[in-house]
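Some notes on the structure that comes next.
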Amino acid sequence: MYRGYTLSIMSRTSLLLARLGALFQQSVREDAAQHGLLPIHIQVLHYLAQANRYSDLPIAIAEYFGITRGTVSQTLGVLERKGLLTKRPDPHHGKRLHLGLTPAAETVLAGSWTGRVEQTLGELPIEEAVLQETLRSLLLALQRINDQRAFGICRQCAHFLNKSEGTECGLTGEPLATEQTVRLCREWTAQAGRGS
Ligand code: SF4
């Protein structure tokens, strides 16, 4: 009896996650269609809006979405032709290019499905920190199974240092501007006892 009950609860949770996933995919398709884009184009724009300076690179996009470099290259070509992408050379690393959003891309993202999710979350009587922690743990566990990089928020990284002279990345030894500390990073590492 008890075993059957547990399985039933698990399948309901999985079903809810699947329904949320399907709803998000539909919303991304609709957002993309409004601007004559494919879903991956919108997803890459959303990613770049969140990525820090170690992660606004084509290789990071390939890792984040689990797609080939060729697909990334095609996607970036479309975004550039549509005037939605900026490319900035890295002052320290030869041919490396940092990607960013143009004002037109920011307009595309304004009013997108993520805004509706934020608004709905704000209206629901839930403890958002608890929900975040649960979803983060699930995401980390599934990323490990899929052998994917974790990509976490800088401030929650094991390498994040909050010193009296300012915030710093313990991995690169470089100072971090405050706006960079709330962004996604491909080098993110779980803190001890937090899903590592
Ligand atoms: S502290 Fe961690 S998340 Fe932040 S920049 Fe360094 S490696 Fe990336």
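Computed from a predicted structure; not experimentally measured. We count ligands from 1, going down the list as the structure has it; atoms in each ligand are counted the same way.
There is no side-chain donor-acceptor pair under 3.5 Å between Gln50 and Tyr64. Using a 3.5 Å distance cut-off with no hydrogens or angles, the side chains of Thr181 and Thr178 do not pair a donor with an acceptor.
Between Glu187 and His159 the shortest heavy-atom distance is O-CD2, 4.2 Å.
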> Are Arg69 and Glu63 close enough, and set up right, to give a salt bridge (Lys or Arg N to Asp or Glu O under 4.0 Å), and what steps lead you there?
Replying inline: CA-CA 9 Å; Arg69 289 184 185 216; Glu63 292 167 349; over 6 Å; no
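Listed by first and then second residue, the side chain to side chain donor-acceptor pair (under 3.5 Å) pairs that reach into residues 16-27 are Gln26-Glu30, sequence neighbours excluded.
Ring pair Trp113/His46 is perpendicular by interplanar angle, where above 60° counts as perpendicular and below 30° as parallel.
The tally of protein N/O/S atoms under 2.8 Å from atom 4 (Fe) of ligand 1 stands at 1.
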